[in-house]
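Indexing begins at 1, ligand by ligand and atom by atom, following the structure's order. This is a predicted model, so every value here is computed, not measured.
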Amino acid sequence: MNTRKHWLSHFFAFFFVLCMTLGLTVYADEDMKVHFLNVGQADSTLITCGEHAMLIDAGNNDDAEPILNYIQNKAGLTHLDYAIGTHPHEDHIGSLDSVLETVSVDTVMLPNVTANTQTFRDVLNVIDEKGLSITIPEVGDTYTLGDASFTILGPVSDYGDDLNNWSIALKLTYGNVSFLFTGDAESTAESDMLNTGLDLGADVYQVGHHGSRTSSSSAFLDVVAPKYAVISCGAGNDYGHPHQETLDALSSRGIEIYRTDLQGSIIASTDGSSISFTTAFGNDSSSSASDGQGTDRSAGAVSDDSSYSQDNTASGDDPIVHITKTGEKYHSAGCRYLKKSDIEVTLSEAKNRGLTPCSKCNPPR
Ligand SMILES: [Zn+2]
Ligand SMILES: [Zn+2]
């Protein structure tokens with residue numbers, strides 16, 4: 001009698017019974033990852049789950065290159081199960097035409113509303129050219145994404161010309177972990193979602209409308225009751241997003257906030273029981289878990305903003321710094337404020353121009 005084998009078989013039998021008793025699902029497949037892409041003042045979120053993937057929104061018209069680079073090169077995908085345009089505003093469907101042109105997509109979802117813009121017509125044209133059809137999801141519908149699934153929560157009603165409230169809202173669930181996406185839905189749509197009686201509770205909430213005060217109403221936040229909030233917005237955007245009221249409402253509830261304007265692209269990884277976050281700029285990539293077992297297994301996975309480094313190329317005593325055409329600050333190479341213009345000057349030249357150091361990227365002084 002091989003006692004070791006005997007012991008092992010007892011151990012596995014015990015483990016199996018333990019799992020069954022606790023109702024645990026053992027996820028043998030890969031984790032689910034939710035990638036909140038840094039697309040400035042816009043939204044684009046890529047979800048990967050094993051071999052399956054879904055894109056919720058596709059940034060502005062000029063974000064096609066970074067989004068496709070992320071999908072194809074960073075995530076290594078040539079195919080998406082779903083591409084969802086939450087609503088026909090440019091900052092959500094801007095590069096959806098390019099995505100549909102470049103990668104194959106099974107299901108394209110849009111809400112039942114149109115916009116009289118070239119951006120929207122471009123999306124419709126590609127859908128037509130590719131012989132795709134548009135799926136208009138209904139509240140309560142559930143779709144699968146590998147081992148994950150998502151339920152449609154909005155739009156609940158007809159919102160006329162109010163495109164934000166038409167946003168497709170959905171709750172994505174993997175094991176015991178869930179994420180809520182509401183596009184730019186504002187408090188009217190939020191209140192309609194509450195009235196459906198569907199379960200809105202989620203661990204991670206992508207803050208509606210880029211953190212605008214018109215969304216994330218108290219009643220809504222109280223029911224969603226997330227542990228983490230992710231805000232997709234651009235640094236120094238014209239709208240003042242995220243609004244202070246929203247940040248206060250989140251903080252006062254003890255919700256941990258992640259922001260693409262401050263941290264670059266953000267990846268939330270989950271094994272179905274715990275969640276960990278990795279941020280591109282790496283300045284706050286704290287690993288947190290819903291049950292204390294989180295591991296930062298995707299550390300270093302985001303490299304799209306890796307040019308953001310303390311790479312102050314020195315030239316003698318007068319290091320090179322970076323300035324913009326009109327800004328009043330000087331920066332380190334790769335600072336996110338250099339996206340529109342990036343001019344190299346010496347530190348003394350920058351000081352002569354009366355420029356002061358950027359408080360975010362810590363350039364030489
Ligand atoms: Zn928007
Ligand atoms: Zn919008």
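- The Zn ion (ligand 1) is closest to atom NE2 of H210 (considering only N, O or S atoms).
- A distance-only check finds a donor-acceptor pair linking the side chain of N165 to the backbone of E186 [under 3.5 Å].
- Every residue meeting the salt bridge (charged side-chain N to carboxylate O under 4.0 Å, His left out) condition with R253, not counting sequence neighbours, appears here in chain and number order: D222.
- Between H87 and H92, the angle of the ring planes lies from 30° to 60°, which puts this pair in the tilted group.
- For E190 (side chain) and S217 (main-chain N/O), a donor-acceptor pair under 3.5 Å exists by modelled atom type.
- Side chain of T324 to main chain of G327: a donor-acceptor pair is present (N/O by atom type, distance under 3.5 Å, no hydrogens or angles).
- The count of protein N, O or S atoms under 2.8 Å from the Zn ion (ligand 2) stands at 4, with waters excluded from the count.
- Taking the six-membered ring where tryptophan is involved, the planes of F36 and F179 are tilted, since the angle between them lies from 30° to 60°.
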